[in-house]
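To start, the structure under review is shown below, and the notes come after it.
The model shown is predicted, which means the values in this text are computed figures rather than measured ones. All heavy atoms count here, side chains included; hydrogens, waters and symmetry mates do not. Read the numbers this way: they start at 1 and go in the same order the structure lists the ligands and their atoms.
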Amino acid sequence: MKSVTVPGIRAMCFCYCLVAVSVTATAQPTVRWLAHDMQRPRPPVIAPAKQVLPVLPPSDAIVLFDGTGLSKWRDAEGGPAKWKSQDGYMESVPNSGYIYTADKFGDVQLHVEWAAPLPAKGRSQGRGNSGVFLMGLYEVQVLDSYENDTYPDGQAAAIYGQYPPLVNACLPPGQWQSYDIVFHRPRFHEDGTLAKPARLTVHHNGILVQDGRELWGPTAWLQSLPYKSHPDKLHLSLQDHGNPVRYRNLWLRELQESTEEGPPAEPRRKTVELAADQLQRFVGAYQGPLGEFGTIELKGDQLQLHAKMGQVIDLLPMSATEFAMRWTAGKLVFEVKESGQVAGFTMHLGGEEYPIRRVPAAQSAE
Ligand code: MG
């Protein structure tokens, strides 16, 4: 970029210019913004459909607040939380401080219901501000964003200072609204360096507003902070930002780490070798109780089931009459008559058995 010499203009360009940093496969340029930039496009405002609230916890949920007191919450020093709890909700008491769950959590599915103060007071970041801090570090912003403009990375359901929501699905102040959050904590190597960033998915009033966003570090005001290695579980917190925001019906489900990944592994089943004539006898048309099922064909030395619905399944011989399906936990057990003719097979799949009959050669040739 050519240097601009008028100091004022240069400063403005520095503050407000978008920086095209890369081009995706679909040729859409990606952009980066300074934090809290008022030039950033506003997410479209949409009206969510009426929701049925509260959404009650399922049987495996850990209930953080059921409307009957703050026993699961602490202040920053570990003492009793100083927010109000009454009439089934809790309310941030201005200047009482953030509150923290007594327990610590890592990966979670979290349900939150909140309501901004009515009548609305203040503007921009001063109206109905609070926040849900996963692990006390990663904030999903709570703000009264109903007809209240602010910087987009700080509006309701923004990942604060990082990502605006995809749309503004905020309800008017005083109305109960919901966040449904899926959070995956960052992973760190043993030497403390980042292995995998934190990831957030958020639904606001049932609308997807954060779609598996990867965070570049803890959320922050006026700063862009790098990750610092931290424990796998930390206290979840709610922000006191000086506004009496209400919460109710908070629950979460701890998510277990998945050890599964990718397509099926090459089968570990023990197979046998069958001569070509032993394979050839299975070739032909087959039918199930509902009619045509498919054909068995021999391609080179590979026996294949060509199902009527289009699937082509390699059959691996485990004995003279039993064949495994290459990528599936199932098998075909053939019935062979004394004459050596194949009468049909039983398909074993998903705990069920399906009888399949061979179509007599004369009939199949018709
Ligand atoms: Mg906040």
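- Using a 30° and 60° split on the angle between ring planes, Y286 and F345 fall in the tilted class, from 30° to 60°.
- Taking the six-membered ring for Trp and thresholds of 30 and 60 degrees, F323 and F282 have ring planes more than 60 degrees apart, a perpendicular arrangement.
- Taking the six-membered ring wherever Trp is involved, the centroid distance between the rings of W83 and Y89 does not fall below 6.0 Å.
- Judged by distance alone, the side chains of Q125 and T150 do bring a donor and an acceptor atom under 3.5 Å apart.
- Between H230 and F188, the two ring planes are perpendicular [angle over 60°; tilted spans 30° to 60°].
- When atom types are taken as modelled, the side chain of D144 and the backbone of R127 share no donor-acceptor pair closer than 3.5 angstrom.
- Counting only protein N, O or S atoms closer than 2.8 Å to the Mg ion (ligand 1) gives 5.
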